[in-house]
Amino acid sequence: MPELPEVEVVRLGLAPAVTGARVEAVSVVDPRGVTRHVGGVADFESRLAGAVLGAPVRRGKFLWVPVAERGEALLAHLGMSGQVLLRDETTAPERHVRVQLWVDGPGGAVRIDFVDQRTFGSLAVEAMAADPLAARVGRRGGEAFAWPDVPASVAHIALDPLDPRFDDEAFIRRLRMKRTEVKRALLDQTLVSGIGNIYADEALWAARVHPRTIASTLSAQAARRVIEEARAVMVRALSEGGTSFDAQYVNVNGQSGYFSRSLNAYGRAGQPCHRCGRAIVREAFMNRSSHYCPRCQRLR
DNA sequence: AGCGAGCCCTGCGCGC
DNA sequence: TGCGCGCAGGGCTCGC
């Protein structure tokens with residue numbers, strides 16, 4: 001379940017099950033489910049055994065559950081096809097189950113299955129590290145936000161637009177210094193996190209910006225529209241449970257979201273633009289595709 | 001700094 | 001039916 005809204009749906013569903021719960025057992029069914037874990041399968045299992053879990057945290061597309069007493073966290077990235085499912089003992093695991101956790105806590109006893117068809121996703125147990133963004137904001141004299149530690153491999157990931165600490169003005173300045181295409185910049189998780197191919201196309205459509213526009217040529221107003229529309233579309237998607245085209249992208253109960261009905265650009269090649277009626281164009285981009293309206297989103 | 005290519009995988013729908 | 005191809009919402013590393 002890739003982009004920010006889908007990962008947030010998982011975080012929200014996971015919170016009541018894991019917060020304050022204790023890990024009773026761990027089983028790595030397929031070692032590819034823990035490729036991000038440095039120490040290997042046995043180390044992963046032993047680091048989680050008996051751990052008391054905190055409230056899950058998300059940054060961009062990364063999700064983690066702190067294990068405060070050990071200064072570590074269980075980190076998850078869902079890749080292209082990862083799912084986190086809450087199951088009871090009697091439910092048979094999915095075909096592509098990679099890791100299973102049995103936890104017991106205030107929310108009761110539950111089995112957590114990490115399922116991932118394509119295995120680009122992974123779990124890991126990692127040490128927490130100081131958030132390097134704290135220093136940067138401090139230098140600018142930013143507001144008095146708390147900057148808790150983050151898992152080591154998340155330290156290079158930018159804040160996402162739903163984070164209250166996200167600084168729109170700083171983002172706009174950085175974006176307009178880039179001599180690269182604006183869509184590429186939106187997908188750069190070190191500039192702004194959480195945006196993937198769907199929401200990049202949707203944000204650019206809403207902002208009326210062509211995906212190949214060189215970021216440094218954007219007006220301040222256009223750059224502002226891009227980030228504000230990115231945030232708006234992700235908030236709307238979240239309120240509808242995320243975007244699902246099939247059963248691949250589901251919440252912790254296996255249910256799909258409804259936002260695919262509300263898409264304006266992504267996946268709509270050849271269909272009329274909802275604003276002007278012109279056919280949406282699909283164009284190859286970075287081994288993927290861009291979708292945009294050739295009339296509303298003019299280059300330059 | 002930035003970019004393209006390649007890599008990590010499985011499964012689906014399509015045309016032949 | 002079967003086969004090969006292109007496609008899929010991500011991210012990391014490499015060489016240039």
Side-chain angles (χ1 to χ4, degrees), chain A residues 1-10 29-38 58-63 75-84 94-98 114-124 151-158 160 174-205 211-212 214-216 230 233-234 237-238 240-251 256-270 282-291:
Chain A
M1 289 191 56
E3 305 183 43
L4 186 157
E6 293 76 37
V7 181
E8 179 65 5
V9 165
V10 171
V29 180
D30 184 325
R32 293 176 298 179
V34 295
T35 47
R36 297 185 87 100
H37 184 81
V38 175
R58 182 191 51 71
R59 176 176 295 183
K61 305 168 195 173
F62 287 82
L63 176 65
L75 176 69
H77 195 290
L78 303 178
M80 293 280 266
S81 56
Q83 305 174 340
V84 176
E94 306 286 314
R95 179 175 169 192
H96 299 295
V97 65
R98 309 300 182 195
F114 176 65
V115 176
D116 188 12
Q117 176 196 101
R118 293 176 67 187
T119 72
F120 289 171
S122 165
L123 304 184
S153 69
V154 178
H156 69 295
I157 299 295
D160 62 65
R174 288 182 73 196
L175 176 65
R176 296 181 68 220
M177 287 171 61
K178 295 261 177 197
R179 266 192 287 272
T180 188
E181 294 168 4
V182 61
K183 177 161 174 184
R184 183 181 292 274
L186 285 181
L187 296 178
D188 177 356
Q189 305 295 302
T190 68
L191 184 64
V192 52
S193 68
I195 302 174
N197 210 31
I198 291 180
Y199 297 108
D201 283 358
E202 293 302 308
L204 292 169
W205 180 90
R212 303 199 82 109
I214 301 302
S216 61
V233 71
M234 291 196 289
L238 178 57
E240 295 184 38
T243 299
S244 306
F245 302 117
D246 52 43
Q248 196 76 74
Y249 306 99
V250 296
N251 66 17
S256 294
Y258 296 107
F259 196 68
S260 59
R261 303 170 186 179
S262 308
L263 295 176
N264 288 306
Y266 187 86
R268 297 196 65 248
R282 175 174 168 275
E283 193 176 285
F285 174 82
M286 286 175 74
N287 280 333
R288 298 202 177 91
S289 306
S290 283
H291 310 75

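FYI, side chains are in, hydrogens and waters are out, and symmetry mates aren't considered; it's all heavy atoms of this structure. Chain naming here is simple, since letters A, B, ... match the order of the sequence lines and numbering starts at 1 in each.
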Using 4.0 Å as the upper bound for N to carboxylate O, is an ion pair formed by Glu283(A) and Arg212(A)?
yes
Rounded to whole Å, how long is the line connecting atom CD1 of Ile198(A) with atom P of dA8(C)?
11 Å
Just wondering, are more than 12 heavy atoms of other shown residues or ligands nearer than 6.0 Å to CG in Asn287(A)?
no
Which part of the nucleic acid, if any, lies within contact of Phe245(A), taking any heavy atom under 4.0 Å across all strands shown: a base, the sugar-phosphate backbone alone, or nothing?
base
What's the closest nucleotide to the Gln117(A) side chain, out of dC12(C), dG9(C), dT10(B)?
dT10(B)
In terms of relative ring orientation, are Phe245(A) and Tyr266(A) parallel, tilted or perpendicular, with 30° and 60° separating the classes?
parallel
Pairs: protein N or O with nucleotides 3-5 of chain B N or O, under 3.5 Å:
unit_1	atom_1	unit_2	atom_2	d
dC3(B)	OP1	Thr180(A)	OG1	2.4
dC3(B)	OP2	Thr180(A)	OG1	2.6
dG4(B)	OP2	Arg184(A)	NH2	2.3

Spacing of Glu6(A) atom CD and Gln248(A) atom CD [to the nearest 0.5 Å]
12.0 Å
What's Ser289(A) touching, base or sugar-phosphate or nothing? Going by heavy atoms closer than 4.0 Å.
sugar-phosphate
Glu6(A), nearest nucleotide to its side chain (from dG11(C), dG11(B), dG9(C)):
dG9(C)
Any donor-acceptor pair, under 3.5 Å, between the side chain of Arg288(A) and the base of dG9(C), if you only look at N and O atoms?
no
P atoms of dG11(B) and dG11(C), separation to the nearest Å
22 Å
Is there ring stacking between Phe120(A) and dC9(B), where the centres must be under 5.5 angstrom apart and the planes under 30 degrees?
no
Quick one: Tyr249(A) OH to dG11(B) C1', roughly how many Å, whole number?
11 Å
Any donor-acceptor pair under 3.5 Å linking the side-chain atoms of Glu3(A) with those of Tyr249(A)?
no
In whole angstrom, give the distance that lies between atom CZ of Phe259(A) and atom C1' of dG9(C).
14 Å
Indicate whether OP1 or OP2 belonging to dA8(C) is found under 4.0 Å from a side-chain N or O atom of Arg282(A).
yes
Determine the sole option in Val29(A), Asp30(A), Val115(A) for which the side-chain contact (heavy atoms from CB on, under 4.5 Å) test with Arg98(A) is passed.
Asp30(A)
When both distances are under 3.5 Å in a Watson-Crick or G-U wobble arrangement, the nucleotide paired with dT1(C) is none
Length of the CG-P vector between Leu78(A) and dG10(C), whole Å:
11 Å
Scan every strand shown for a Watson-Crick or G-U wobble partner of dG9(C), both distances under 3.5 Å, and answer none if you come up empty.
none
Salt bridge check: are Asp201(A) and Lys183(A) linked by an N-O gap of less than 4.0 Å?
yes
d(CD, Glu202(A); C1', dG9(C)) in whole Å:
12 Å
Counting side-chain heavy atoms from C-beta on, which of dC7(C), dG10(C), dT10(B) comes nearest to Arg118(A)?
dT10(B)
What's the separation between atom CG in Leu191(A) and atom CG in Leu186(A), rounded to the nearest 0.5 Å?
8.0 Å
Among the nucleotides dG11(C), dT10(B), dG9(C), which one has an atom lying closest to any side-chain atom of Asp246(A)?
dG9(C)
Using atom P of each nucleotide, how far apart are dA5(B) and dG6(C) to the nearest Å?
15 Å
Does dG11(C) have its OP1 or OP2 closer than 4.0 Å to a side-chain nitrogen or oxygen of Lys61(A)?
yes
Tell which nucleotide pairs with dC9(B), taking only Watson-Crick or G-U wobble pairs whose two distances are both under 3.5 angstrom.
none
